[in-house]
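Here is the structure we will look at, set down as structure tokens.
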Amino acid sequence: MRRQGSGFGFVVLLVVLVVVLFLASRAFKSTLPAATALAKPSPADQEAQESAASQGGEAIRPSRMPDLKDVKRTTDAHAKQVREAVETTRE
């Protein structure tokens, strides 16, 4: 019986894999400083948090996500408005 495939094809596959991984790691290393700079909070954000905390208010949230307490409050207010509207249409 004849053997299918050869060792040379496997070697070529390994060499291509090593080259691709090398190029990917170089690309990753070149973007790493910019990514770490984006992940750190800016000095202006830190100053705003400190000033808000010193004034007795709550600290500003570091993320851009809304506060869950505010979301619940607005959702409850909207649900109350909907309930009142439904009750007035039934009458």
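Residue numbers start at 1 and run along the sequence shown.
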Mind checking what makes side-chain contact (heavy atoms from CB on, under 4.5 Å) contact with Phe28, not counting sequence neighbours?
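With neighbours one apart ignored, the set is Leu32.
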For residues 16-27, tabulate all N or O donor-acceptor pairs below 3.5 Å that involve a side-chain atom, not counting sequence neighbours.
unit_1, atom_1, unit_2, atom_2, d
Ser25, OG, Leu21, O, 3.4
Ser25, OG, Phe22, O, 2.8

Give the other cluster members for Leu13, using side-chain heavy-atom distances under 4.5 Å between Ile, Leu, Val, Met, Phe, Trp and Tyr residues; answer none if it is isolated.
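Grouped by the 4.5 Å side-chain rule, Leu13 forms a cluster of one, so the answer is none.
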Any side chain to side chain donor-acceptor pair (under 3.5 Å) pairs touching residues 71-81, not counting sequence neighbours?
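Qualifying pairs: Asp70-Arg73, Lys72-Asp76.
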